[in-house]
There are 2 protein chains.
Amino acid sequence: MWVMAERATRTRQRRADGDRTRAAILDAAVRLSTVDGLEGLSIGNLAKDLGMSKGGVYAHFDSKQDLQLATVEAAGVIFRSEVIEPALTADPGVPQLLAFCDGFFDHLERRVFPGGCFFAGAALEMGTHRGPVQEKVAEFHSGFVQLIRDVVRTAVQLRQLPPDEDPAALALELNGTLLAADTSFVMYDDPSVLDLGRRVVRRRLGLAVTRRDETPEESENPQ
Amino acid sequence: MWVMAERATRTRQRRADGDRTRAAILDAAVRLSTVDGLEGLSIGNLAKDLGMSKGGVYAHFDSKQDLQLATVEAAGVIFRSEVIEPALTADPGVPQLLAFCDGFFDHLERRVFPGGCFFAGAALEMGTHRGPVQEKVAEFHSGFVQLIRDVVRTAVQLRQLPPDEDPAALALELNGTLLAADTSFVMYDDPSVLDLGRRVVRRRLGLAVTRRDETPEESENPQ
DNA sequence: CCTACCGATCGGTAGG
DNA sequence: CCTACCGATCGGTAGG
């Protein structure tokens with residue numbers, strides 16, 4: 001009896017170690033791939049970063065593509081927990097839209113990913129290389145855009161936005177502002193573009209923008 | 001006398017051949033790098049694509065970085081002639097802003113670069129790799145953004161846009177819409193997102209958006 | 001999870 | 001503009 005228990009414990013322990021190692025590999029893979037890209041990520045570099053051998057990495061992933069797929073998955077888990085889920089606790093409609101965007105700017109500023117938004121980079125890099133990895137990135141991207149569209153639709157129903165507001169159009173605008181801010185932030189390493197992004201989003205959602213040099217009233221379009 | 005003339009002709013001919021080869025290399029380099037990235041671009045692949053040897057490529061470029069710098073330069077010349085310069089023939093202010101954006105959407109649709117906007121990809125890829133290449137990409141990027149800001153300022157002066165319009169904010173919004181459209185276009189290979197982008201830009205610039213299912217009057221914000 | 005190895009390709013050079 | 005080569009690294013495998 002104790003033999004079986006002992007063996008079960010050992011198996012559980014070993015699996016737990018394996019899972020921890022796998023998680024550590026993926027954590028490093030997500031980090032490195034936001035800097036070097038999903039293609040630029042190499043098993044050799046990854047192993048060196050972790051202080052282990054290439055064979056050790058291959059014990060957890062059958063191929064580079066397998067590693068890339070798991071890396072996209074792991075990045076999605078991080079993005080969901082760091083950006084999407086916190087924003088979903090805000091009130092439905094415009095407050096949630098604002099929370100998505102602010103959460104995005106914040107995750108850049110906190111450098112959740114050292115090379116900027118994982119999915120912005122992955123989308124442009126893998127968009128030209130059709131295959132399972134591109135499909136997984138596209139799936140996440142379209143899910144995020146669809147989520148924004150749904151919340152815009154809710155905001156319209158709640159009369160927080162005008163009835164003719166096109167959800168797809170506003171989703172493109174908001175997503176675009178996030179992408180442009182990410183690009184400038186990565187390029188110039190300057191957080192001031194994130195403040196500009198925050199102001200743009202507030203104005204577009206019809207919210208007051210407080211700046212030192214103007215009163216909220218002046219924000220109204222006088223035409 | 002004829003010897004010098006002969007030699008000059010030969011030299012000119014040889015230089016012309018060399019220039020033509022160099023231009024052909026850069027044309028292929030721009031094309032390949034929008035698909036594989038500026039780092040993913042390899043001298044071997046480039047030579048194979050051109051049907052020449054690696055040594056032939058190294059006869060024109062001292063190093064990969066030298067090739068990358070020339071590739072960014074060549075992409076800039078293409079982007080200027082295909083997008084920026086045609087737009088500058090439009091009337092100053094809002095018409096020029098519209099022309100920049102329409103020109104950008106058109107250059108995607110015409111597949112001037114097979115892998116989408118060269119600079120969108122290059123900015124995200126090289127943003128995390130500081131050096132001469134990143135600086136050249138950043139220089140072009142900031143020049144484009146500055147150009148948009150200047151034209152917004154002109155539009156405000158011409159009273160085509162409200163006096164409180166923030167040039168930096170509108171530049172971020174327009175640039176963002178272009179980036180979001182590029183990302184979706186590359187990812188899903190679907191030109192319909194370009195039409196969505198065109199509508200978004202027109203609306204943001206206060207221009208009539210004609211759609212089958214609504215009159216321009218309905219586009220006004222009823223709040 | 002390791003060492004030791006495979007063929008292919010990388011950026012780059014020598015010499016012509 | 002070519003061939004022939006360099007050391008380093010790539011993704012991946014074998015065997016333990």
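Taking a cutoff of 4.0 Å between a charged side-chain nitrogen and a carboxylate oxygen, B:Arg31 and B:Asp49 qualify as a salt bridge. With respect to A:Arg204 and B:Glu173, no salt bridge is recorded, no charged nitrogen being found less than 4.0 Å from a carboxylate O. Electrostatic pairing of A:Arg153 and A:Asp150 counts as a salt bridge here, judged by a charged N lying under 4.0 Å from a carboxylate O.
Tested against A:Phe144, the residues A:Phe79, A:Phe119, A:Phe104 include a single ring pair (Phe, Tyr, Trp, His ring centres under 6.0 Å) partner, A:Phe79.
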* Taking protein heavy atoms under 4.0 Å as touching, what does nucleotides 9-16 of chain C look like 5' to 3' if B marks base contact, S marks sugar-phosphate-only contact and - marks none? -> -SBBB---

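With both pairing distances under 3.5 Å, C:dT9 is matched to D:dA8 as a Watson-Crick or G-U wobble pair. Across all strands shown, D:dG16 forms a Watson-Crick or G-U wobble pair, both distances under 3.5 Å, with C:dC1.
In summary, the side chains of B:Asp36 and A:His129 do present a donor paired with an acceptor at a separation below 3.5 Å, with no hydrogens or angles considered.
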